[in-house]
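Some notes on the structure that comes next.
Just so it is clear, the structure is predicted and the values come from calculations on it, not from any experiment. We name chains A, B, ... by the order of the sequence lines, and we start the count at 1 in each one.
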Amino acid sequence: MRDLTNEILELIRRASTDLPADVEKRLREAVEREDPGSAARNALETILKNVELSRQNSTPICQDTGTPIFYVRYPEGWSTRRLREQIRNALAEATRRSYMRPNAVDALTGKNTGNNLGDDDFPFIHFEEVGADEPLVIELMLKGGGCENVGAQYSLPDARLGAGRDLAGVRKVVLDAVHKAQGQGCAPGILGVAIGGDRGSSYLASKEVLFQSMDESNPDPKLAELEQRLTEEANQLGIGPMGFGGKTTVLGTKITGLHRLPASYFVTVSYMCWAYRRRRMIVKGDEVIYE
Amino acid sequence: MRRINIPISDEVIRSLHVGEPVLLNGIMVTARDAAHKWMVETFIKKTRPPQGDDLDVYEALKKLLNGGVIYHCGPVVAGLETKEYRFVAAGPTTSIREEPYQADVMRHFNAKGVIGKGGMGAKTLAGCQEVPFVYFHAVGGAASYIAQTVKRVHGVYKLEFGVPEALWVIEVEDFPVTVTMDAHGQSLHALIEEQSQKVLQELIAS
């Protein structure tokens with residue numbers, strides 16, 4: 001089995017320092033919507049300057065390089081034990097090179113490990129086996145703590161919001177989550193929404209959906225419509241970039257559904273900050289492609 | 001754009017109003033969750049006895065923070081092995097987590113400004129009027145950009161809290177911020193919260 005430590009290091013460097021094109025495109029559209037001279041527009045202009053500078057200098061877009069979340073689809077025959085070891089070694093090296101901030105803190109002692117390596121779930125690595133003829137694909141998302149803290153889970157029906165167990169109820173609780181977040185999740189944000197599941201699987205799915213491209217539309221027309229409506233209505237709230245007030249509070253919404261128990265109806269919202277860092281590497285034979 | 005030098009006088013603080021963009025210059029100290037808890041428990045409420053170099057750091061902080069500025073920031077720092085420190089990425093962290101501590105810390109040290117993101121609550125706003133001090137909002141996530149305004153790292157205290165949580169003493173040049181909570185009882189965050197709440201109610205009722 002090939003040693004991919006250096007290639008994974010490059011994946012981490014790109015994720016932390018080079019904002020994906022689909023996100024940058026939406027930020028550039030957002031600047032044009034804000035009034036000249038407004039705090040909202042100034043904030044977005046600073047954000048775009050920062051995006052360029054980070055790419056040019058290979059420095060982190062945000063100092064909170066977040067929770068490293070890896071999804072690995074490996075062809076039959078690869079060793080997940082070795083892949084995990086290579087990912088962990090690459091992450092420690094990325095931290096040494098200042099692409100990543102040391103972010104793994106022991107919850108009981110408060111001690112920072114200094115190299116981003118914590119227990120088995122830090123970094124988070126999800127493995128899934130695919131057919132022997134398929135390429136190895138490693139996806140990485142970096143999700144900062146500020147936006148993670150404003151994530152929310154609702155159990156429907158919710159009497160306070162008048163939200164029942166249907167898409168109309170989903171709409172109400174998601175808007176409530178955006179309102180509660182205000183500017184604290186580094187608006188303009190991107191919403192990952194999972195409907196159903198148990199508490200744990202619902203949270204995971206609300207993050208997994210954020211791996212999709214912002215340019216892809218939802219194959220389910222009802223969900224596609226709700227995604228668009230939620231983005232528009234969230235923007236009507238007027239929270240704006242950084243919570244300064246303005247027209248852009250949310251850049252996009254992604255919704256997925258899961259099977260649930262008859263008794264449970266969870267709606268989980270993962271709020272992703274504008275620094276929506278995610279990259280993919282594809283290994284086909286000797287060739288490594290980064291997206 | 002108006003330039004403000006640190007240390008800042010009460011007169012300058014009272015002349016600042018919500019919405020005003022300013023450029024900060026001078027020496028400031030980063031402090032976030034662990035540092036605020038430690039300062040309040042060890043020196044203000046005194047529920048925990050000073051340990052190790054706590055008292056030496058306290059003396060240094062008293063000088064640095066009198067008229068000074070606290071920055072809610074957990075930076076990415078290069079040069080850890082050689083101790084020739086350099087800020088690589090240094091945007092603000094979410095401030096609201098320091099809400100229980102902030103006003104008490106500012107009053108105790110006579111600090112004049114706090115920089116962060118997302119704004120703070122009623123207790124801090126009351127402190128802004130009383131002490132007085134202001135809340136400066138930096139652009140969240142603009143880490144490479146802001147790091148370029150950090151010209152020198154003078155030193156670090158409490159590195160055992162970890163790189164993000166340590167107290168870094170930095171010298172900045174034209175650090176761009178906007179006043180979003182002033183010493184006259186105004187808060188942009190309270191205003192936006194209230195306005196967006198009204199829109200939310202209308203949307204949910206429809």
Name the option with the most non-hydrogen atom pairs under 4.5 Å to chain A; the candidates are Gly118(B), Pro21(B), Ser95(B), Gly140(B). Gly140(B)
Step by step, work out the side-chain contact (heavy atoms from CB on, under 4.5 Å) result for Arg97(B) and Asn149(A). CA-CA 10 Å; Arg97(B) 298 190 305 269; Asn149(A) 286 353; 3.8 Å; yes
Are there more than 12 heavy atoms of other residues, nucleotides or ligands under 6.0 Å from atom NZ of Lys111(A)? no
How about CD on Glu81(B), more than 12 heavy atoms from neighbouring residues, nucleotides or ligands closer than 6.0 Å, or not? no
So which of Glu160(B), His137(B), His189(B) has the largest heavy-atom pair count under 4.5 angstrom toward chain A? His137(B)
Exercise: identify the closest heavy-atom pair between Pro60(A) and Ala143(B): O-CB, 4.1 Å
Might you confirm whether atom CD of Gln201(B) has over 12 heavy atoms from other residues, nucleotides or ligands at distances under 6.0 Å? yes
Sort Ala78(B) into side chain, backbone, both or neither according to what part of it lies under 4.5 angstrom from a heavy atom of chain A. both
Is it the backbone or the side chain of Ile96(B) that comes under 4.5 Å from a heavy atom of chain A, or both, or neither? side chain
Specify which of Glu52(A), Lys180(A), Glu233(A) makes the most heavy-atom pairs with chain B at under 4.5 Å. Glu233(A)
Need one label for Gln236(A): side chain, backbone, both or neither, based on atoms under 4.5 Å from any heavy atom in chain B. both
Using non-hydrogen atoms and a 4.5 Å limit, figure out which bit of Phe244(A) sits close to chain B: side chain, backbone, both or neither. both
Tell me, out of Gly119(B), Ala90(B), Gly162(B), who's got the most heavy-atom pairs with chain A below 4.5 Å. Ala90(B)
So, the part of Ala43(A) with a heavy atom under 4.5 Å from chain B: the answer is both
Give, for atom CG of Leu237(A) and atom NZ of Lys198(B), the distance between the pair rounded to the nearest 0.5 Å. 13.5 Å
Structural part of Ser196(B) lying under 4.5 Å from a heavy atom of chain A: both
Do Glu193(B) and Gln182(A) have side chains that approach each other closer than 4.5 Å (heavy atoms only, starting at C-beta)? yes
In Å, rounded to the nearest 0.5 Å, how long is the span from CD of Gln197(B) to NE2 of His179(A)? 4.0 Å
Donor-acceptor pair, distance only, cut-off 3.5 Å: does the side chain of Arg101(A) make one with the backbone of Pro164(B)? no
Chain B interface, residue from Ile61(A), Val51(A), Leu175(A) that has the most non-hydrogen pairs under 4.5 Å: Ile61(A)
Heavy-atom contact with chain A under 4.5 Å, split by part of Gln148(B): side chain
For Lys45(B), does the NZ atom sit with more than 12 other heavy atoms under 6.0 Å from it, leaving out its own atoms? no
Would you give the length of the straight line joining atom CD of Glu165(B) to atom CG of Asn112(A), rounded to the nearest 0.5 angstrom? 8.5 Å
Quick check on Arg97(A) against chain B: is it the side chain, the backbone, both or neither that has a heavy atom closer than 4.5 Å? neither
Over all heavy atoms of both residues, which pair between Val76(B) and Ser98(A) is shortest? Give the atoms and the distance, please. CG1-O, 3.7 Å
A side-chain contact here means heavy atoms from C-beta on lying under 4.5 Å apart; do Arg171(A) and Leu203(B) qualify? yes
Please classify the contact between Glu202(B) and chain A as side chain, backbone, both or neither, with a heavy-atom cut-off of under 4.5 Å. neither
Contact summary for Leu53(A) and Tyr145(B), nearest pair of heavy atoms: CD2-CA, 3.6 Å
Heavy-atom proximity to chain B below 4.5 Å, by part of Cys273(A): neither
Nearest-0.5 Å distance, OG1 of residue Thr178(B) to CG of residue Asn42(A): 7.0 Å
Within a strict 4.5 Å, meaning less than it, do heavy atoms of the Gln63(A) and Ile146(B) side chains meet? no
Nearest-0.5 Å distance, CD1 of residue Ile239(A) to CD1 of residue Ile192(B): 8.5 Å
Should we say atom CD of Glu11(B) is surrounded by more than 12 heavy atoms from elsewhere, each under 6.0 Å from it? no
Can you find a heavy atom in the side chain of Ile204(B) that is under 4.5 Å from one in the side chain of Leu161(A)? yes
Heavy-atom count check: over 12 atoms from other residues, nucleotides or ligands less than 6.0 Å from Lys247(A) NZ? yes
Looking only at heavy atoms, which two atoms of Gly141(B) and Asn50(A) are closest? And how far apart? O-ND2, 3.0 Å
